[in-house]
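First the proteins, then the strands, lettered A, B, ... as listed; each starts at 1.
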2 protein chains.
Amino acid sequence: MAAGVSTATVSRAVRGIPGVSAATRERVLKIVERLGYVPSSSASGLASGRTMTMGVVVPMIDRWYFATALGGADRALRAAGYDLMVFNLGGAGGNRERVFHRSMLRKRIDALLVMCMSLTEEELVSLRALDSPSIVVGSNLEGVRHVSIDDPVAVKDAVEHLIGLGHRDIAHLQGTGEYGFDFSVPLLRNEAFEATMQAHGLPVRPEWTALGNFRAADGKAAAARLLDDPGNRPTAIFASSDEMAFGVMMAAAERGIRIPEELSVVGIDDHELSEPAGLTTIRQRPDEQGAFAAGLLLAELAGAARVQPGIQPHELVVRKSTAPPPSPVTT
Amino acid sequence: MAAGVSTATVSRAVRGIPGVSAATRERVLKIVERLGYVPSSSASGLASGRTMTMGVVVPMIDRWYFATALGGADRALRAAGYDLMVFNLGGAGGNRERVFHRSMLRKRIDALLVMCMSLTEEELVSLRALDSPSIVVGSNLEGVRHVSIDDPVAVKDAVEHLIGLGHRDIAHLQGTGEYGFDFSVPLLRNEAFEATMQAHGLPVRPEWTALGNFRAADGKAAAARLLDDPGNRPTAIFASSDEMAFGVMMAAAERGIRIPEELSVVGIDDHELSEPAGLTTIRQRPDEQGAFAAGLLLAELAGAARVQPGIQPHELVVRKSTAPPPSPVTT
DNA sequence: TTGAAAGCGCTAACAG
DNA sequence: CTGTTAGCGCTTTCAA
């Protein structure tokens with residue numbers, strides 16, 4: 001080598017491995033710097049079996065939750081010198097199978113983060129067959145470790161906030177898995193909504209159950225149906241995501257329905273726009289969930305024992321979209 | 001090998017390279033499938049010099065523009081069998097230098113997409129030193145190829161829409177580079193705003209120039225100042241991003257200022273929420289820009305000649321946030 | 001503390 | 001059409 005030392009020494013020096021004298025290390029590092037040398041990740045990956053790369057599977061990279069969680073995971077990875085490889089299932093197009101079956105499966109990543117979707121039995125098998133550690137973020141898949149909030153409790157907190165305000169006529173704007181991705185989250189939230197209503201002796205009216213797919217546009221369309229039924233309009237709407245709650249606010253605004261005087265709205269997420277929009281919601285922190293999950297995997301790669309993560313925190317944030325229901329016109 | 005053929009033949013068969021009989025190929029593929037064999041990317045990367053991975057540098061992964069562009073790029077990459085490695089500069093924390101200097105620099109990716117930020121001279125040098133093809137998305141950096149809309153014209157279209165409606169008192173909600181990332185886009189848009197106003201003989205009032213950083217919360221705060229100056233309030237606001245325009249709408253709603261009757265708002269982006277929000281805006285398609293740029297790089301990796309991409313399209317989408325100005329109280 | 005040598009699992013000539 | 005043979009640029013024993 002240029003420094004008059006062997007490749008082995010360079011390797012040790014660059015990686016900060018003990019067994020090199022301080023003087024030699026410094027000399028090597030200086031030359032490395034001057035030459036702009038960067039080790040080939042392919043070569044070191046091949047030789048060592050470690051790629052220093054973590055894979056993250058996301059159903060859709062451009063949704064708020066996933067993008068935010070990805071940012072959090074990335075933060076943890078960068079701090080540890082790991083690279084981030086993103087496998088976007090990308091909505092409809094079917095590279096889902098390919099992702100799970102081929103490219104990522106082996107020798108490309110050291111660990112895998114799966115964002116918030118339910119997996120087929122076959123995919124679960126692939127996941128377990130992967131010798132790399134893996135974890136799911138944002139969803140509580142049975143049989144797989146996951147990092148997520150306690151969805152049932154989060155829903156309960158949101159709905160009970162409404163009930164505590166005096167609402168009895170509460171509609172639910174559900175989320176649905178889209179593109180056949182079957183997030184397990186929406187189902188959980190639906191069940192929790194019904195359970196909470198029942199626990200308080202409140203009816204769950206079928207005509208007050210609307211479907212969106214976690215997006216504002218759908219939320220708006222769904223809310224339109226709820227709001228255009230005069231004389232039979234709910235006094236409050238619980239939306240399974242903030243983005244759908246925005247849709248409700250937009251639909252209400254177009255109809256001149258005042259929030260919160262005539263209609264209360266509560267969501268889940270604490271989306272970036274929720275604060276300026278004044279939306280009361282259940283806050284969760286996808287970035288911290290992502291970072292936490294990535295950190296867990298990183299620790300395992302560093303030799304730590306496999307741990308079972310606890311539930312992530314959520315919190316009711318009361319803003320300006322909820323208030324007691326209007327006094328009934330007829331009693 | 002298990003199939004009684006050489007590794008070379010397996011390699012050829014798996015990669016679909018000519019020079020293998022159909023019968024052999026089929027036999028090999030079947031066994032490969034049965035064994036669940038997946039080639040090691042490190043090994044093939046080392047041997048071939050191609051990693052089948054494209055790098056994407058983003059200033060912040062969780063902003064709408066970047067996440068959407070990333071999704072588009074990913075779509076193109078997956079279709080070509082490439083993997084996506086994301087380098088998130090992640091706001092403040094300074095792994096910017098590390099990204100440009102070390103990990104990605106060599107041997108980790110075959111090509112590089114840089115999202116929408118201005119680079120230091122040193123970074124430009126690193127970029128060119130990279131033997132891999134590269135391209136910038138969303139910004140027009142001098143000296144580097146880029147895929148983007150014609151920002152000055154986009155701004156002009158937005159402002160002239162307002163002027164055409166009869167507005168003369170137009171405020172500008174500027175974006176600023178945040179975290180020292182110095183997007184070059186905001187400056188361009190500022191200049192274009194002033195140029196357009198001047199071309200129409202309209203004044204650019206300093207007190208009607210507000211700063212946000214492309215986010216709704218900032219847009220709202222900045223708009224507050226604009227709207228709380230009674231008797232000297234603009235009749236229209238041009239926001240350099242849709243998210244800031246949402247902030248304007250929220251600030252107006254809180255003050256009971258009706259849009260578009262009392263205040264017109266126009267943005268740039270056509271953010272996912274713009275349609276349900278009824279925001280008039282200049283539409284651009286970050287996903288297509290990302291896909292286009294990735295496709296260009298992919299073509300070059302496949303041997304195509306280096307091309308200079310053209311300007312990407314934008315389009316005025318008139319919705320419900322713009323209307324003629326209110327009749328002046330005094331004339 | 002350092003160097004030599006043997007692979008890691010592939011691909012890419014070159015033969016056959 | 002298929003097999004053989006060298007490496008690709010590291011890491012990792014094992015000696016020195």
Side-chain angles (χ1 to χ4, degrees), chain A residues 1-33 35-53 81-83 102-110 130-132 301-303, chain B residues 1-33 35-53 81-83 102-110 130-132 301-303:
Chain A
M1 303 295 291
V5 293
S6 72
T7 63
T9 304
V10 172
S11 176
R12 285 187 278 250
V14 169
R15 292 184 301 156
I17 282 178
V20 190
S21 72
T24 308
R25 162 156 299 140
E26 196 173 336
R27 190 157 48 86
V28 170
L29 257 24
K30 199 156 293 176
I31 295 178
V32 158
E33 176 69 21
L35 266 43
Y37 166 85
V38 179
S40 151
S41 59
S42 294
S44 68
L46 179 55
S48 71
R50 277 172 277 106
T51 62
M52 295 301 279
T53 297
Y82 269 71
D83 282 323
R102 289 188 56 114
S103 60
M104 87 185 186
L105 228 46
R106 266 190 233 284
K107 305 291 185 182
R108 170 124 266 189
I109 55 177
D110 292 343
L130 212 59
D131 46 349
S132 335
L301 290 173
Chain B
M1 303 295 291
V5 292
S6 73
T7 64
T9 304
V10 172
S11 177
R12 286 188 278 253
V14 169
R15 292 185 299 157
I17 282 178
V20 190
S21 74
T24 308
R25 162 158 297 142
E26 196 171 339
R27 192 157 46 86
V28 170
L29 257 26
K30 199 156 292 176
I31 295 177
V32 158
E33 175 70 22
L35 266 41
Y37 166 84
V38 178
S40 151
S41 59
S42 294
S44 68
L46 181 55
S48 70
R50 278 172 277 103
T51 62
M52 296 302 280
T53 298
Y82 270 72
D83 281 324
R102 290 188 57 115
S103 59
M104 87 186 186
L105 228 46
R106 268 190 231 286
K107 306 293 187 181
R108 169 125 266 189
I109 55 177
D110 292 343
L130 213 61
D131 46 349
S132 335
L301 289 173

Sugar-phosphate only, base, or nothing, as touched by B:Arg25 at under 4.0 Å among non-hydrogen atoms: nothing

Least distance between heavy atoms, B:Val20 atom then B:Arg12 atom: CG2-CB, 3.5 Å

Which of the following nucleotides, C:dG3, C:dC10, C:dT2, is nearest to the side chain of A:Val20? C:dT2

Across the strands shown, which category fits A:Thr24 at heavy-atom distances under 4.0 angstrom: base, sugar-phosphate, nothing? sugar-phosphate

What's the shortest heavy-atom distance between B:Arg25 and B:Ala13, and which atoms? NE-O, 3.6 Å

Of B:Leu46 and B:Gly19, the one whose closest nucleotide on DNA chain D sits nearer the 5' end is B:Gly19

Heavy-atom pair of closest approach, residues A:Asp110 and A:Leu301: O-CD2, 3.5 Å

Min and max contacting nt of DNA chain D in 5' to 3' order, chain B heavy atoms within under 4.0 angstrom, are D:dC1 to D:dG9

Taking any heavy-atom pair under 4.0 Å as a contact, classify A:Arg12: base, sugar-phosphate, or nothing. base

Do A:Arg15 and A:Ser44 pass the side-chain hydrogen bond (donor to acceptor under 3.5 Å, both in side chains) test, and can you show the C-alpha distance, the side-chain angles, and the key distance before you say yes or no? CA-CA 11 Å; A:Arg15 292 184 301 156; A:Ser44 68; over 6 Å; no

Correct closest heavy-atom pair for A:Thr51 and B:Ser42 would be CG2-OG, 4.2 Å

Quick one: A:Arg27 CZ to C:dT1 P, roughly how many Å, whole number? 15 Å

Looking at A:Gly81 and A:Met52, what are the two nearest heavy atoms and their distance? O-CE, 3.9 Å

